[in-house]
Amino acid sequence: MASTARVVAIAAALAARGPGRQSAAAAADALATSGLDPALATSGLAFQSLRPDAAADLYTRSPDAASEFTLGPGADGTLASYAVARTGKRRGVAFFGNMRPANCAGATELSLQYRVAEPQSVYGFAHLRVVLLEGSHCEEDAEADACDAWPGDELEQYFSFHPGVLDDTSGLWKELRIPLCGDESPESPFWRLDAFGAAGDGMLDPTYLRGYQIQVVGSNPTSKKAMSDVTGSIEFKDLACVGADLLGNALRLPSWDEAEEHLEIGGLRRKLPLGAMIDLDVEEEALRVEWAAVPAVPPRAVAVTHKLPPDARYLVAGTSASIAYDVGAATFNFAVLDDPAAVPEDVEAGQGQISGDGMDLRRSVAGTGKGRLVYEMTPGEDVEGFRITFPLAPESGKLVVSDLRTSTDDAAAGAPRCSASEARPECARVEDVVFDVLPSTRTIVYGHRDCCERCLADATCLFFMVEGGADSGARQDPACHLFPELENVRAAEAGEAGVFRAFWISAAERRGALCDACDCQDGSVDCSNRDLKTLPFAGDDRYERLDLRGNPNLALLASNAGPADLASVKLPSSVAHLAPDAFPRVGELVPATNAKRSNVISTSDAFYAHKCCGRGEARGGLAFCDYEPHAPGVDATIASDAKYSDSTLAQTLTENSDHWGEAAETLELCAEFCAFTEVCAAFTYSEPKSKSLVIKPVCSLHSQTTEIEASSARKQAFYAGLPPRTRAADGASVVATPTRVDAARDGDVYYEA
């Protein structure tokens, strides 16, 4: 797929498959003509078939008046034409969807078939989102009605982001495969955003899907000048949960209260006499039925039916369905609802069968005693549900059926891949650095989860950087930046390490072989003046000397980038970051005479590129940067539930201040601003105890210290603090306690804690 998994082409023959039965031969022909891997003919639950006539059953909505979706019939599915506004106070959004309950417990992925009929008119402006509406928090009370209301504002909403889909020009049917897991982390395939829907428990539970939205969302407006809308159209077909054994989910729910939404009881055409009893329940992943004192004459039967809505179906790739049973002396019948063929108008109830709405009674199978019943099926056929029927005979009895599953090759699909893809070995992390974004050739907003795959798919990409994502605290949309070369690599500032995560492609295929790119002779490798952008791969070969001078675009030499056991390496002047283990066990690292500042120095009077570098470990004659980022407010003393008198107030800062409004963002930034503001002898910081639209954080600077006043408010928290300047005037001092003192080779003395 384009963003979170993979994209596979689906031929029109497969995309045009209707909701009816399909023969194995027809399925094979469709796969053969499309070039689609037959293994992808998988099992699952297509809980919304977006057929050409489905538009009348769908809802549309546009939060901004200027954007809209128009739905109509396409060649093979529902055609959605969109217009997204480019001007206004916020980004344009249009979406459609439906309230469609689905039990997808055990599914590993969500599948959406689509074909871009008309690419968006402005490349890269808008992106596609698939949103799942989940109702695990809904209860059987008045709230339940709200949970069923479009557009699902009372449901937990989980978003997946798919940049690039709307720019597709191939005209082919394709498929999004999204791992079916989600939480409050931006790294998750489905991300719960705080600003939308109910909070719930913050974990996507596929058992309780209530509906979905398909959204087209524009970029944030960058100009107030009126511009034409961005338009395009995309055709959709099946929206499905993918996974084996979904057919039996209705029997795996924890209670009858939850199962009755999916099961229907029928067949009792005659009332039970006084004193007779029948009890049905779903517990411990089984349907349990018990009856007593039911007369044998006239015969009575019960049917438990699970049937999907008309435009939904189970996709079964296996050759059979089977169900475990323990019915004692009773008899029961099982059939899948897979054939709308005519059935006899009247069937003797005592045989455990009833005439029904579409059940192929000629294919039902019966069982008695204890065992597993097998129902033969045609691979690739579509199933609407199942029916279990049984006579209430003998007069008293019990029936337990469970573990309804299908035989399918993809049963071992396992758990969904929920983590981001950066763990691939060819995408190697470069710790604690940030790449200059300007040289990036492409930025993909919401491409943060599969940035590694995107870089590997681009033959020119050698480096990439993920911006935002898990635990970053970033305010901007997460993004993926791709680089064919680097101009600058710098140490990450305080707080940036979580926002920016830098990587390089270490795969030999992308880097090329060392001796193909350079001149290798007699143990020496001459790579000088080769316009290298990354260091070629040396493999297990051993060399004595390596010359990298004259490569102005070689800015990064990452961990294990070069050969081991070199006697000497002549570095390029352009290197901005040299990892200490870039050349394992190197003898000498020789910097260029005109070398730019970097994370290494060769003499005691040299400067590192970053002011927060201290002298660290020495390798090959160079001292590496021991980076200790400055933490704002670290040298201030702070008291909670306290404030200084307003009579000494010199300046008040809020987020709306013309200058230095950021000082009000956090307590630490307020303390830092006070530290470098000469007039500030003390500060007070206040913030709301919970999210508030009325109470805003305030940083107050005081010209002199007074007695601290206790302050405890129900909705506000107060802090009083002193900057280092005031503390020093009061006699505070700095104490250093080194654990070891070493003499460096150049005569300097430095401390090592």
Side-chain angles (χ1 to χ4, degrees), residues 1-4 7 60-70 80-97 112 114 116-131 151 157-169 176 178 186-187 189-196 213-234 435-451 454-455 458 464-469 472-483 499-500:
M1 56 182 249
S3 173
T4 52
V7 177
T60 61
R61 186 171 183 183
S62 301
D64 64 294
S67 301
E68 64 176 350
F69 250 126
T70 303
S81 300
Y82 58 86
V84 178
R86 281 200 287 172
T87 55
K89 295 182 178 180
R90 59 181 182 177
R91 67 181 70 192
V93 180
F95 60 89
F96 75 91
L112 176 62
Y114 72 93
V116 176
E118 179 186 350
Q120 62 177 320
S121 55
V122 178
Y123 183 89
F125 178 80
H127 65 273
L128 184 75
R129 298 182 183 182
V130 180
V131 185
Q157 299 187 6
Y158 293 88
F159 292 72
S160 65
F161 303 86
H162 308 283
V165 166
L166 302 178
D167 299 309
D168 182 30
T169 59
L176 290 175
I178 314 166
E187 299 299 316
F190 284 95
W191 176 16
R192 195 192 75 78
L193 300 175
D194 290 338
F196 301 95
Q213 298 173 3
I214 296 177
Q215 302 184 348
V216 170
V217 182
S219 302
N220 282 316
T222 57
S223 173
K224 295 182 180 180
K225 181 181 178 181
M227 292 184 287
S228 60
D229 295 342
V230 175
T231 59
S233 60
I234 183 168
F435 298 155
D436 185 353
V437 175
L438 290 178
S440 67
T441 55
R442 191 178 176 201
T443 293
I444 307 100
V445 179
Y446 294 108
H448 60 292
R449 288 202 75 254
D450 60 347
C451 203
R454 290 178 180 277
C455 187
D458 183 343
F464 66 92
M465 185 171 67
V466 177
E467 181 178 3
S472 70
R475 296 184 175 184
Q476 68 281 354
D477 294 333
C480 166
H481 304 282
L482 306 183
F483 301 84
V499 176
F500 299 98

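Everything quoted here is computed from the prediction, not taken from an experiment.
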Query raised in the report: Does Thr231 reach the main-chain N or O of Ser121 with its side chain, forming a donor-acceptor pair under 3.5 Å?
Result: no
Requested in this report: Could you pull out the closest heavy-atom pair between Pro151 and Phe95, with the gap in Å?
Outcome: CB-CE1, 4.1 Å
Query raised in the report: Looking only at heavy atoms, what is the nearest atom pair of Phe464 and Cys451, with distance?
Result: CD1-SG, 3.4 Å
Query raised in the report: Quick one: does Ser160's side chain have a donor or acceptor within less than 3.5 Å of a partner on Phe190's backbone?
Result: no
Requested in this report: Determine yes or no for a side-chain-to-main-chain donor-acceptor pair under 3.5 angstrom, with Asp167 supplying the side chain and Gly124 the backbone.
Outcome: yes
Requested in this report: Quick one: list whatever passes side chain to side chain contact (heavy atoms under 4.5 Å, CB included) with Ser233, sequence neighbours left out.
Outcome: Leu79, Ser81, Ala117, Glu118
Report task. Report the C-alpha distance between Leu176 and Leu128 in whole Å, list the side-chain angles of each, state the deciding distance to 0.1 Å, and finish with yes or no for side-chain contact (heavy atoms from CB on, under 4.5 Å). Result -> CA-CA 11 Å; Leu176 290 175; Leu128 184 75; 4.0 Å; yes
**Report entry** Residues that Thr443 engages under side-chain hydrogen bond (donor to acceptor under 3.5 Å, both in side chains), provided they are two or more places apart
**Finding:** His481
**Report entry** CZ-CH2 distance between Arg449 and Trp191, expressed to the nearest 0.5 angstrom
**Finding:** 11.5 Å
Query - side-chain hydrogen bond (donor to acceptor under 3.5 Å, both in side chains) involving Gln157 - partner list, sequence neighbours excluded - result: none
**Report entry** Plane angle bin for Phe196 and Phe159 - parallel if under 30°, tilted between 30 and 60°, otherwise perpendicular
**Finding:** tilted
Report task. Show your reasoning for whether side-chain contact (heavy atoms from CB on, under 4.5 Å) applies to Leu166 and Val230. Result -> CA-CA 11 Å; Leu166 302 178; Val230 175; over 6 Å; no
Report task. Applying side-chain hydrogen bond (donor to acceptor under 3.5 Å, both in side chains), name anything that partners Arg129, two or more places apart in sequence or on another chain. Result -> His127, Tyr446
**Report entry** Non-hydrogen atoms of Ile444 and Pro163 that approach each other most closely
**Finding:** CG2-CG, 3.2 Å
Query raised in the report: In chain order, what residues pass the side-chain hydrogen bond (donor to acceptor under 3.5 Å, both in side chains) check against Gln213, with sequence neighbours excluded?
Result: Gln215
Query raised in the report: Which residues pass the salt bridge (charged side-chain N to carboxylate O under 4.0 Å, His left out) test with Asp229, sequence neighbours left out?
Result: none
**Report entry** Test item: Ser62 side-chain N/O and Ser67 main-chain N/O as donor-acceptor pair under 3.5 Å
**Finding:** yes
Query - Stepwise side-chain contact (heavy atoms from CB on, under 4.5 Å) check, Ile234 with Val216 - result: CA-CA 10 Å; Ile234 183 168; Val216 170; 5.6 Å; no
Report task. Please tell me if the side chains of Pro478 and Phe161 come closer than 4.5 Å, counting only heavy atoms from C-beta onward. Result -> no
Report task. State, yes or no, whether a side-chain contact exists between Phe483 and Cys455 at a heavy-atom distance under 4.5 Å. Result -> no
